[in-house]
Structure formats: C-alpha cells, structure tokens
Student: 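Questions regarding the structure given below will be posed in turn.
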Amino acid sequence: MELYKQQDIKIYNTLSGEKELFKPLIDGYVGMYVCGPTVYSNVHLGNVRTFMSFDMIFRYLKHLGYKVRYVRNITDAGHLEDDADVGEDKITKKARLESIEPMEIVQRYTVDFHNVLQTLNFLPPSIEPTATGHIIEQIELIQTIIDNGFAYVVNGSVYFDVLKYNESHEYGILSKRKLDDLIHNTRTLDGQSDKKNPQDFALWKKAEPSHIMRWPSPWSNGFPGWHLECTAMSTKYLGEQFDIHGGGMDLKFPHHECEIAQNQAAKNQAPVKYWMHANMLELNGSRMSKSTGNYINPAELFSGENDIMSKGFSPGVIRFFMMQAAYRSVLDLTNDGLLAAEKGFNRLIDAINLIDHLKASSSSSIDVSAWRQKCYDAMNDDFNTPILIANLFEGVKYINQIKDGKATITSEDLELLQKTMTTFAFDILGLENISKTENNSDKLSGAVELLIKMRQEARANRDFALSDRIRDELAQAGIQLNDSREGTTFSIN
RNA sequence: GACAAGGUGGCUGAAUGGUUAAGGCAGCAGAUUGCAAAUCUGUUUUAUAUGAGUUCGAAUCUCAUUCUUGUCUCCA
C-alpha cells in the first residue's frame, strides 16, 4: 500500500490562512507549479531557499508514493523595467550593457542557476518550461480574456480590466487586499499611461523600437506581460485546475493575485487548490540587497570568498541550515548560525555512518516504530522540517547509546532505524552523505597515515615533544587528527 | 503612508489556550586522553518585545505602544 494512504498531510493554504488536509484532485497524483527564476543575473540566495523548500516538498510527496509532476518555469522573456510605457525588458537592458544577445544572457544565467541547484543536491523538476517557448500559448490566452470581456486593447497593448473583473469576482482573494484600498493607496505615476485604471496590469505590451525581444501578435509586435507566462504554462502542463502552486512570499501580490484573475477571466475557475508561500531569507537581520552591500551569492558562500562569513560552508551545511527553519518562517543567515549548523550537521552524519557498526541484541530498549512515526508526523504537519530534525537527533542519541551499550536494539529495529534515518536525511531533506576523508587523494592519505604512525611510535616511547609537534603542525596545515579507542583518523578543515 | 507577517534563552529556531516552552550551537560537568583536540554522556540561566485586558489557565486570543521584514512599482 502506498504510504500516502497512511500519512495525512496538512498544508498551510494562503488562500484560507489555515492548515488544510491535503487531498489531491486526482487520487495518487499531484500537480505542483513553482514560479522559477528570471535568468538575467546570478541566482539570488533567497531564491534558492524558496526552491529548496519546494524541492523538499517534492521529495516528500514522492516518498509518500504520489506521482508528482513538478513544473518550475524559467522566465527568460524578462519583465517590464518600470510601470511607464517606455518599459524596457530587463534582459534587453542587460544585454545592451554587455553587448551580447539576450539569449546569451539567458543561457549564461540558466547554466549558473542549474549549477548552483545541482551543487545543493536539488532534484530536477519534471518540466522546466521557458516563457519564450510559450508565446503562442500566451497570445491565445490573451485572446480568450479579451473575448470574455476582461481585457481591452490600447495602442497595440492589452490590459487586464481589474475593476470589471472585480464586479463578478474577488480581486485580492489571495493577498487579502481590498480593491478599494488599492485604488486609494495607489500612487499616481506621471507619464501618459494607456491604462484605464492604475490597478490594471499588462497582458501584452507593444515593443518600443529599442526593444529587441519581440514577437508578432494580433495587437502589435511586442511581448507578453509578466504575470501571463505562469498561467499559460501551468495550464498547459498541469491543467486548468491543479493542486499546489508555490513561490516566494513576495510574489503573493500582485503576481499570484493576477494569475488567479487571469485564470478566472479565461476559464472561469480558480486554478489552484493549495497556494503555498515560502518566507524570505535575511542576511544578518536585514534584507539582502546588492546596493547596500548586505549581499552574498551562493558561490561566495561556498568558497568563503566574501567579507561577511568567517569561512566557506559546504552545500550540505547550507542545506541543513535552511532545513532547520520552517519554510514559512523568515530565516536569518548569519555566520554564527552557519557555524552551529555545520557542527550539528556533522554530528548527524557521523551518527548515521555509525549505524553499520552497531551490534544487534535480542530485544530493543527503545521504541523505533513510534519514533519513526514521529518523524512522519513532523513532515505531515505542513512539512515541519525543524521538528523532523529534532527527531533525527533523538535518533542520533539512540545510535550513540547503542554504541556505548546503554541501549539495546534488535536486528529488525536496527534496520528500521537505519532506513528511517537515511530516508529522512538523504531522500527527503536532500542532505548528502559526504564522508570527511572520502574526497582526499590516496597520496595525501598515505602521507598523513605515515605521520600518524610516527606519532603513535613517539607516544609509545613517551616522546611527547615529537608527537605533539606532529599533531600541532598538521593542525596548522589544516589537517586535524582525531584520536579514539579504535585508532586515529584525520579530517581536513 | 496603507496593508500583511513577525518579535521566544548567549546565538539559532520549534511549539497557536492546559502539567517541567522541542531540537541544534555555545557554556558547565563527566567519560576518554600522557596533555589537548575530536567524540560521547549529562546539564544550567528571571527565554515568550513592552504595557494593559479576556480566561480557572495565555508564547498562543483582544487592544495599545515599539521594533523588524514583506507588499503596494520589477523582485523567490
């Protein structure tokens, strides 16, 4: 029997503001759409956190036996630079600055994006569609919305009529905004806007002569509005209605609100059953921003080549750090936090690697099945990874107790313990089991082993001056010796 | 300015009315060691922004104050 028939998941739905029991539209199948990156610069670390949350959710749903189609788009058409009609495509702007083709920019940063995610051990989504590959679908969608009377054409551009829409539907249903408040609070921007009302948003924009990225349409040579691609692609690959739509908190309004409106206007139904929003990543307590210098990109974080952190942190540590916080909470990236995560991560991995060496007994002094269900309970409660990790550390304690002979376990329970630890740590949290010494070259190992042997001999002869010199100078070179009853091993910092 | 989310110990981060507020890190003690480090075990402090209120009972609900973050314009 599939696991999902035994484990009931509750998901916090932004639409209702409550945790709801998760029931897919089609039993056993899950359609999930997540708004992907705009590939006009290196991927933002906060962006990475959002995708990591949904990677974890994807992994857990798959683990439960659901057949999941996970769609995460690549926005390569760029978006309007500002609200005025002189809007310039972000990608076009960058391309002109660097004097290369827009698609060259797209290619470069798509590759960067994929590299970063792969380094962090992400699973690829089922489909990764691009906006530029779905211009025809977007044009068709616009035409439907016009035909249904929710959009109007002005000077070759098409705008969504929010006021008209609000007469028959509720604009603001997701973000809990009232249209009246929006009207009241919208700043009136200078410039000759073609919009009937400031709340209206573009479905199609006529391209200015300087705009390189452009496509023919019934209305003008131009480009699609930025909310449209997600509606077009989610509909194409997941249907007019699907289970989960995710993204960052900052996309709730207006982006996701507009997606709902577009879908309602085109198909007269709500597109998504469960709206999920991941919270923001801060750096030292405040917003990450390139302009203020409070910014770090993934590569700098890995390498340690930055002015913010004291050292580099491995992708596994970054992943563990992020999974220690709930996806709906703000997470503060700090040096202290990462150092703490690094130690905790190593302790967890060390314990998991110890399981193979444990000896089974005729009875168990711990209830492994009950503990295992606690791990599922944590994940079932809106993917509460911090509680899951707390439970995994309970497992760490069991492992060490068994090793010290302070607890016993049967061979069946031992197998269950190992399976549960590795499944949750590696398959679901997506942590990687990288043994400390594994990636050292044989030559280096040979040299260090020789020094370890010499030190042992010195200690046997009580020549502590020599033995301590070997230990200390190796430490200075970044190689730490770890003594234990079983012998001496080394790790490289 | 308007709207939204939040403020939990030295750091981090769970827990939405009910006995001792999870876990990680740091600190302290012990095991181990020639001594350390590493590792393991145990463990501490008036920790729920501030002030009032509702309740038998509040981190959790209400109001006020204050601070942080987000959105309102492209943004994960």
Side-chain angles (χ1 to χ4, degrees), chain A residues 17 19 34-38 40 43-54 72 75 78-84 87-90 172 175-178 181-182 184-187 189 198-199 226 246-255 257 277-282 285-287 289 320-321 324-326 328-348 350-351 354 378 381 384-394 396-397 399-401 403-404 406 459-460 462-464 467-468 471-472 475 480-486 488-491:
Chain A
K19 285 179 192 169
V34 172
C35 293
T38 304
Y40 69 92
V43 62
H44 191 284
L45 200 58
N47 212 328
V48 169
R49 184 196 176 199
T50 297
F51 298 143
M52 191 184 288
S53 297
F54 288 102
R72 187 186 62 212
T75 297
H79 294 147
L80 291 179
E81 183 79 349
D82 54 35
D83 194 50
E88 185 178 28
D89 196 300
K90 265 187 181 173
S175 56
K176 314 283 184 267
R177 281 162 196 264
K178 300 270 181 289
D181 293 341
L182 286 171
H184 192 68
N185 290 314
T186 302
R187 285 178 289 172
L189 294 163
Q199 292 72 37
W226 78 285
M249 205 73 108
D250 50 349
L251 291 185
K252 210 193 292 184
F253 188 90
H255 184 56
E257 200 70 60
H277 290 98
N279 219 320
M280 314 310 278
L281 182 72
E282 292 176 1
S286 59
R287 176 199 175 92
S289 158
F320 179 81
F321 172 78
Q324 264 190 311
R328 282 197 293 127
S329 298
V330 175
L331 175 60
D332 192 13
L333 187 73
T334 62
N335 194 56
D336 285 351
L338 286 168
L339 287 171
E342 186 171 53
K343 293 204 172 181
F345 174 68
N346 287 335
R347 207 159 90 85
L348 176 66
D350 286 349
L354 202 60
D381 184 13
N384 195 329
T385 51
I387 295 293
L388 169 66
I389 289 173
N391 285 322
L392 292 183
F393 275 104
E394 202 175 317
V396 169
K397 199 156 120 184
I399 291 164
N400 287 320
Q401 281 175 347
K403 184 200 167 205
D404 291 349
K406 289 172 183 162
R459 290 173 74 193
R462 303 194 69 77
D463 182 358
F464 297 126
S467 70
D468 289 355
R471 176 223 284 163
D472 296 340
Q480 184 179 286
L481 300 185
N482 306 313
D483 294 331
S484 73
R485 277 186 194 152
E486 290 78 27
T488 301
T489 59
F490 70 96
S491 52

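This one's a predicted model, so the numbers in the text were calculated from it and none came from an experiment. The sequence lines fix the lettering, A, B, ..., with proteins before strands; numbering per chain opens at 1. Only this structure's heavy atoms are used, side chains among them; waters, hydrogens and symmetry mates stay out.
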Student: Just call it for A:Asn391: base, sugar-phosphate, or nothing, with non-hydrogen atoms closer than 4.0 Å on any strand.
Tutor: nothing
Student: At 4.0 Å (heavy atoms only), tell me whether A:Met249 reaches a base, stays on the sugar-phosphate, or touches nothing.
Tutor: nothing
Student: Measure the acute angle between the ring planes of A:Phe320 and A:Phe393, then classify it against the limits of 30° and 60° as parallel, tilted or perpendicular.
Tutor: perpendicular
Student: Base, sugar-phosphate alone, or nothing: which one does A:Lys397 contact when heavy atoms must sit under 4.0 Å apart?
Tutor: sugar-phosphate
Student: Under 4.0 angstrom, heavy atoms only, what part of the nucleic acid is A:Ala278 near: base, sugar-phosphate, or nothing?
Tutor: nothing
Student: With A:Arg72 as the cation and A:Phe51 as the aromatic partner, state whether NZ or CZ is under 6.0 Å from the six-membered ring centre and within 45° of the axis.
Tutor: yes
Student: Working to the nearest 0.5 angstrom, can you tell me the gap between A:His277 NE2 and A:Cys35 SG?
Tutor: 8.0 Å
Student: Give one of base, sugar-phosphate or nothing for A:Leu481, where a contact means two heavy atoms less than 4.0 Å apart.
Tutor: base
Student: Does OP1 or OP2 of B:A5 have a side-chain N or O of A:Asn279 closer than 4.0 Å?
Tutor: no
Student: Using a cut-off of strictly less than 4.0 Å, decide whether A:Lys343 has a side-chain nitrogen or oxygen near OP1 or OP2 of B:A26.
Tutor: yes
Student: Strictly under 3.5 Å: I want the nitrogen or oxygen pairs between protein and nucleotides 47-50 of chain B, one per line.
Tutor:
none

Student: Assess the residue pair A:Asp483 and A:Arg459 against the criterion (salt bridge (Lys or Arg N to Asp or Glu O under 4.0 Å)); give the C-alpha distance rounded to whole Å, side-chain angles, the decisive distance to 0.1 Å, and a yes or no.
Tutor: CA-CA 12 Å; A:Asp483 294 331; A:Arg459 290 173 74 193; 3.8 Å; yes
Student: Should A:Arg462 be listed as having a side-chain N or O under 4.0 Å from OP1 or OP2 of B:U33?
Tutor: no
Student: How many Å lie between NZ on A:Lys406 and P on B:U39, as a whole number?
Tutor: 16 Å
Student: At less than 4.0 Å, is any side-chain N or O atom of A:Arg287 found next to OP1 or OP2 of B:U71? Yes or no.
Tutor: yes
Student: Classify the nucleic acid contact of A:Asp404 as base, sugar-phosphate or nothing, counting any heavy atom under 4.0 Å across all strands shown.
Tutor: sugar-phosphate
Student: How would RNA chain B look in dot-bracket form, 5' to 3', counting Watson-Crick and G-U wobble pairs with both distances under 3.5 Å and writing | for bases paired to another strand?
Tutor: (((((((..(((.....[....))).(((((.......))))).....(((((..]....))))))))))))....
Student: Mind checking A:Arg471 for me? I need base, sugar-phosphate or nothing, with any heavy atom below 4.0 Å counting as a touch.
Tutor: base
Student: Students often get this wrong, so: under 4.0 angstrom with heavy atoms, is A:Ser175 touching a base, only sugar-phosphate, or nothing?
Tutor: nothing
Student: Any donor-acceptor pair under 3.5 Å linking the side chain of A:Arg49 with the backbone of A:Asn279?
Tutor: yes
Student: Polar atom pairs between nucleotides 7-12 of chain B and protein, under 3.5 Å, N or O only, would you list them?
Tutor:
none

Student: By a 5.5 angstrom centroid cut-off and a 30 degree plane limit, is there stacking between A:Phe464 and B:G34?
Tutor: yes
Student: For B:U39 and A:Arg347 - does any side-chain N or O of the residue sit under 4.0 Å from the phosphate oxygens OP1/OP2?
Tutor: no
